[in-house]
Student: 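Input: one structure, supplied below.
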Amino acid sequence: MNILITGGAGYIGSHTCVALLERGYDVIVADNFVNSDPVVLQRIREITGRDFHSYEIDVTDAEAVERLFQAYKIDGVIHFAGLKAVGESVQKPLEYYRNNLLSTIVLADNCIRYGVGKFVFSSSATVYGDQEVPLAESMPLRGTTNPYGETKAMSERILTDTARAHPKLAVSLLRYFNPVGAHESGLIGESPRGIPNNLMPYITQVAKGKLAKLYVYGDDYPTVDGTGVRDYIHVVDLAEGHVAALERLEEGVHVYNLGTGQGTSVLQLVKTFEQVNGIKIPYEIVGRRPGDVAESYADVSKAWRELGWSAKRGIDEMCRDAWRYEVNHSDE
Ligand code: WQD
């Protein structure tokens with residue numbers, strides 16, 4: 001089976017390419033490398049021992065995307081490509097709406113016209129906004145705190161309405177919680193450009209000495225120790241969740257949380273990282289970050305019930321693998 005992976009050189013896309021290639025799928029990658037490095041594609045070949053086609057394409061470019069659907073019989077699409085910095089989306093809303101929505105529309109339109117039967121979409125727990133935990137797929141979406149989150153909620157809507165109008169297209173909407181860690185080889189992982197927004201890459205850069213200390217955004221939340229609680233999921237578990245969703249996708253529209261169901265606070269993650277890797281992480285408590293919620297973790301029962309998938313890797317392994325990747329690639 002030919003699977004088109006948009007954003008396949010990115011953090012989650014590259015790990016999903018590895019999982020698919022290892023299971024015998026044929027993969028076609030489309031990436032414009034605006035937030036990824038082409039060298040990752042070579043590392044995917046090194047890890048899997050398998051080759052695949054890749055194209056430097058902006059997936060909002062309808063003509064370029066159509067040429068792919070004309071050149072290959074595509075059996076499924078996994079759409080990762082998208083702008084994903086929450087803070088940046090507040091500064092540049094039009095860029096986010098254009099890029100993230102138009103790419104989804106262009107891909108869905110080609111799937112209809114070329115008879116592609118499966119579309120798996122990279123959504124986010126951000127779509128839940130600030131609601132009671134654990135977050136369940138059945139909850140109504142009441143709006144998010146930023147344009148990035150809105151593009152995810154709107155893309156879910158676009159794909160839902162499209163699948164209802166075209167029953168031959170089955171859609172799986174995967175809501176990620178907090179992906180962290182890296183493939184055990186240390187060859188692929190998370191390489192944010194500039195100062196990391198997310199907690200784990202910030203911690204690994206402090207551990208490496210690239211950043212002086214971690215700033216903890218608030219310790220006055222109503223949580224176990226006052227710091228923010230999140231559902232961290234190993235990126236390899238997340239990749240395996242995509243394979244399970246693709247393989248079980250037959251008809252209709254389905255929504256799944258991809259998380260562990262466990263909440264971990266900022267200070268708990270710091271402490272685990274220190275213990276697992278034997279490195280002290282200096283930190284300072286500062287004010288809350290605007291837009292943050294106190295707690296976010298998943299009700300994971302639906303993915304287990306319907307996909308037979310659950311996360312297997314714990315926080316220790318996430319911290320170990322994230323650090324190994326940082327050590328191997330800290331110059332990138
Ligand atoms: C986690 C916790 C922070 C950095 C974001 C996006 C979400 C998804 C995942 C794309 C929070 C605290 C963080 C730091 C800190 N991305 N923190 N100091 O905000 O839960 O989710 O990334 O899909 O859409 O919203 O992740 O890693 O930024 O923060 O104290 O330097 O760590 O306050 O409690 P978040 P995060």
Student: Is it true that F121 and I112 fall in one hydrophobic cluster, defined by side-chain heavy atoms closer than 4.5 Å?
Tutor: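 Linked within one cluster.
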
Student: Return yes if some donor-acceptor pair links the side-chain N/O of N2 with the main-chain N/O of K73 below 3.5 Å, else return no.
Tutor: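 Yes.
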
Student: Which heavy atom of S296 sits nearest a heavy atom of L135, and at what distance?
Tutor: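 Closest approach of S296 to L135, heavy atoms only: OG-CD1, 3.8 Å.
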
Student: Any idea which heavy atoms bring N99 and T60 closest together, and the distance?
Tutor: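 In terms of heavy atoms, the two residues are closest at O-CG2, 3.6 Å.
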
Student: Evaluate the ring planes of Y202 and Y215, with Trp represented by its six-membered ring, and classify them as parallel (under 30°), tilted (30 to 60°) or perpendicular (over 60°).
Tutor: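 Ring orientation, 0 to 90° scale: perpendicular.
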
Student: What I'd like to find out is whether the side chain of I203 reaches to under 4.5 Å of the side chain of V270, using heavy atoms alone.
Tutor: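 Yes, their side chains come closer than 4.5 Å.
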
Student: So, do V133 and Y128 sit near enough that their side-chain heavy atoms are less than 4.5 Å apart?
Tutor: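 In short, these two side chains do not touch, never coming nearer than 4.5 Å.
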
Student: Applying salt bridge (Lys or Arg N to Asp or Glu O under 4.0 Å), name anything that partners E66, two or more places apart in sequence or on another chain.
Tutor: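 Salt bridge (Lys or Arg N to Asp or Glu O under 4.0 Å) check on E66 returns R113.
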
Student: Do T260 and D231 have a side chain donor and acceptor closer than 3.5 Å?
Tutor: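 T260 vs D231: donor-acceptor pair found between side chains.
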
Student: Give a yes or no on whether V77 and V27 share a hydrophobic cluster (residues Ile, Leu, Val, Met, Phe, Trp, Tyr; joining criterion: side-chain heavy atoms under 4.5 Å apart).
Tutor: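 Looking at the clustering, V27 is in a separate group from V77.
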
Student: As an exercise, state the distance from NZ of K118 to CD1 of I3, rounded to the nearest 0.5 Å.
Tutor: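 It is 7.5 Å, given to the nearest 0.5 Å.
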
Student: Would you indicate whether E132, at its atom CD, is surrounded by more than 12 heavy atoms from other residues, nucleotides or ligands within a distance under 6.0 Å?
Tutor: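 No, because the 6.0 Å sphere around CD of E132 holds 12 heavy atoms or fewer from other groups.
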
Student: Under 4.5 Å between side-chain heavy atoms, counting indirect links through other Ile/Leu/Val/Met/Phe/Trp/Tyr residues: same cluster for V255 and L141 or not?
Tutor: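 Different hydrophobic clusters.
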
Student: Please round to the nearest 0.5 Å and tell me the distance separating atom CG of N35 and atom CG of L83.
Tutor: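 It is 8.0 Å, given to the nearest 0.5 Å.
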
Student: Between D237 and R313, is there a donor-acceptor pair closer than 3.5 Å when you use the side chain of the first and the backbone of the second?
Tutor: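 Such a contact is found between D237 side chain and R313 backbone.
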
Student: Just one of N178, T204, L214 clears the side chain to side chain contact (heavy atoms under 4.5 Å, CB included) bar with L199, so which one?
Tutor: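 With L199 as partner, side chain to side chain contact (heavy atoms under 4.5 Å, CB included) holds for just one option, L214.
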
Student: Just to verify, which of D58, I57, T6 counts as forming a side chain to side chain contact (heavy atoms under 4.5 Å, CB included) with N32?
Tutor: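 When side chain to side chain contact (heavy atoms under 4.5 Å, CB included) is applied between N32 and each of D58, I57, T6, only D58 qualifies.
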
Student: Quick one: does F273's side chain get under 4.5 Å of M200's, heavy atoms only?
Tutor: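 Sidechains of M200 and F273: in contact.
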
Student: Is the number of heavy atoms from other residues, nucleotides or ligands under 6.0 Å of Q70 CD greater than 12?
Tutor: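 Count over threshold, so yes.
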
Student: Does I105 sit in a hydrophobic cluster with other residues, and if so which ones, taking ILVMFWY side chains as linked at heavy-atom separations under 4.5 Å, directly or through other members?
Tutor: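 Members alongside I105: Y97, L101, M154, I158.
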
Student: Does I44 reach the side chain of F52, with side-chain heavy atoms less than 4.5 Å apart?
Tutor: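 They are in side-chain contact.
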
Student: May I ask you to say whether K312 pairs ionically with E317, meaning some side-chain N is under 4.0 Å from a carboxylate O?
Tutor: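 No.
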
Student: Between N328 and R324, is the side-chain contact (heavy atoms from CB on, under 4.5 Å) condition met? List the steps.
Tutor: CA-CA 6 Å; N328 289 359; R324 183 186 303 112; 4.2 Å; yes

Student: Is the closest side-chain donor-acceptor distance between R67 and Y55 under 3.5 Å?
Tutor: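 Side-chain D/A pair, R67 to Y55: absent.
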
Student: So, D26 and R50, do they make that salt bridge, N to O below 4.0 Å?
Tutor: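 Yes, D26 and R50 are salt-bridged.
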
Student: Please check if the side chain of N100 supplies one atom and the backbone of S155 the other of a donor-acceptor pair under 3.5 Å.
Tutor: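 Checked: no pair found.
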
Student: Under 4.5 Å between side-chain heavy atoms, counting indirect links through other Ile/Leu/Val/Met/Phe/Trp/Tyr residues: same cluster for V180 and V229 or not?
Tutor: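 No, V180 and V229 fall in different hydrophobic clusters.
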
Student: Rounded to the nearest 0.5 Å, what separates atom CG in L267 from atom CD1 in I281?
Tutor: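 CD1 of I281 is found 12.5 Å from CG of L267.
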
Student: Does the side-chain hydrogen bond (donor to acceptor under 3.5 Å, both in side chains) test come out yes or no for T264 and Y297, once each step is laid out?
Tutor: CA-CA 9 Å; T264 302; Y297 57 86; over 6 Å; no

Student: Considering non-hydrogen atoms only, spot the tightest contact between A294 and T223 and give its length.
Tutor: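 For A294 and T223, the tightest heavy-atom pair comes out as O-CG2, 3.9 Å.
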
Student: Ignoring hydrogens and angles, tell me if any N or O in the side chain of H329 forms a donor-acceptor pair with the backbone of G186 under 3.5 Å.
Tutor: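 Indeed, once roles are kept as given, a pair shorter than 3.5 Å links the two residues.
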
Student: Minimum heavy-atom separation for A30 and L68, please, with both atom names.
Tutor: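 In terms of heavy atoms, the two residues are closest at CB-CD1, 4.0 Å.
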
Student: Examine distances only and state if a side-chain atom of S172 and a backbone atom of A245 form a donor-acceptor pair shorter than 3.5 Å.
Tutor: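 Looks like no, no N/O pair under 3.5 Å.
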
Student: What's the separation between atom OG in S123 and atom CD in E156, rounded to the nearest 0.5 Å?
Tutor: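 Atom-to-atom, S123:OG and E156:CD are 3.5 Å apart.
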
Student: Compare all side-chain heavy atoms of V65 with those of L107 and state whether any distance is below 4.5 angstrom.
Tutor: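 Sidechains of L107 and V65: in contact.
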
Student: Is the backbone of E184 close enough, under 3.5 Å, to the side chain of R320 for a donor and an acceptor to pair up by distance?
Tutor: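 The answer is no, because no donor-acceptor pair under 3.5 Å joins these two groups.
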
Student: Could you tell me the separation between the OG1 atom of T162 and the CZ atom of F119, rounded to the nearest 0.5 Å?
Tutor: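 If we round to the nearest 0.5 Å, T162:OG1 and F119:CZ are 9.0 Å apart.
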
Student: Atom CD of E190 and atom CG of N198: how far apart are they, to the nearest 0.5 Å?
Tutor: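 Between atom CD of E190 and atom CG of N198 there are 5.5 Å.
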
Student: Show the numbers, then the answer: is there a side-chain contact (heavy atoms from CB on, under 4.5 Å) between R248 and W309?
Tutor: CA-CA 11 Å; R248 298 292 182 95; W309 172 89; over 6 Å; no

Student: Name every donor-acceptor pair, under 3.5 Å, that has one atom in a side chain of residues 85-94 and the other anywhere in the protein, sequence neighbours excluded.
Tutor:
from, atom 1, to, atom 2, distance (Å)
E88, OE1, Y96, OH, 2.4
S89, OG, V86, O, 2.6
S89, OG, Y148, N, 3.0

Student: The criterion is salt bridge (Lys or Arg N to Asp or Glu O under 4.0 Å); which residues satisfy it with K168, sequence neighbours excluded?
Tutor: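 Scan of K168 (salt bridge (Lys or Arg N to Asp or Glu O under 4.0 Å), adjacent residues dropped) gives none.
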
Student: My understanding is that only residues two or more places apart in sequence, or in another chain, count here; which of them pass side-chain contact (heavy atoms from CB on, under 4.5 Å) with V235?
Tutor: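 For V235 the side-chain contact (heavy atoms from CB on, under 4.5 Å) partners, ignoring immediate neighbours, are Y11, I12, H15.
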
Student: Using the rule given for side-chain contact (heavy atoms from CB on, under 4.5 Å), can you reason through L246 versus Y25, listing the C-alpha separation, both sets of side-chain angles and the distance that settles it, and then say yes or no?
Tutor: CA-CA 11 Å; L246 185 74; Y25 287 90; 4.1 Å; yes

Student: So which atom in A153 and which in V127 form the shortest heavy-atom distance, rounded to 0.1 Å?
Tutor: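 Minimum heavy-atom separation between A153 and V127: N-CG1, 3.7 Å.
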
Student: Would you find a donor on one side and an acceptor on the other, under 3.5 Å apart, between the side chain of E150 and the backbone of T144?
Tutor: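 Flag set: sc E150 to bb T144 pair under 3.5 Å.
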
Student: With ring pair (Phe, Tyr, Trp, His ring centres under 6.0 Å) as the rule and sequence neighbours excluded, what pairs involving residues 225-264 come up?
Tutor: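 For residues 225-264: F80-H242, Y176-H242.
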
Student: With hydrophobic residues grouped by side-chain heavy-atom distances under 4.5 Å, do I47 and V29 end up in a single group?
Tutor: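 The answer is yes; both residues are in one hydrophobic cluster.
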
Student: Indicate yes or no for a side-chain donor-acceptor contact from K302 to the backbone of L307 under 3.5 Å, with no hydrogens or angles considered.
Tutor: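 No, because the side chain of K302 does not come within donor-acceptor range (under 3.5 Å) of the backbone of L307.
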
Student: Under a 3.5 Å cutoff, is there a donor and acceptor pairing between the side chains of R45 and Q42?
Tutor: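 Distance-only check passes for R45 and Q42.
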
Student: Quick check: do R230 and V293 have side-chain heavy atoms less than 4.5 Å from each other?
Tutor: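 Yes, side chains in contact.
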
Student: Search all heavy atoms of N257 against all heavy atoms of A136 and return the closest pair with its distance.
Tutor: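 In terms of heavy atoms, the two residues are closest at ND2-CA, 3.9 Å.
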
Student: Can you find a heavy atom in the side chain of C319 that is under 4.5 Å from one in the side chain of N277?
Tutor: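 Yes; the side chains approach each other to less than 4.5 Å.
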
Student: Could you walk me through whether Y72 and L4 pass the side-chain contact (heavy atoms from CB on, under 4.5 Å) check?
Tutor: CA-CA 9 Å; Y72 296 91; L4 171 60; over 6 Å; no

Student: Is the shortest distance from a Lys or Arg side-chain nitrogen in K210 or E326 to a carboxylate oxygen in the other one below 4.0 Å?
Tutor: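 A salt bridge links K210 with E326.
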
Student: Answer yes or no: are there more than 12 heavy-atom neighbours, outside E22 itself, under 6.0 Å from its atom CD?
Tutor: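 Buried by this count: over 12 neighbours within 6.0 Å.
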
Student: Backbone N or O of V253 within a donor-acceptor pair of the R164 side chain at under 3.5 Å?
Tutor: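 Pair absent, no side-chain N/O of R164 close to backbone of V253.
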
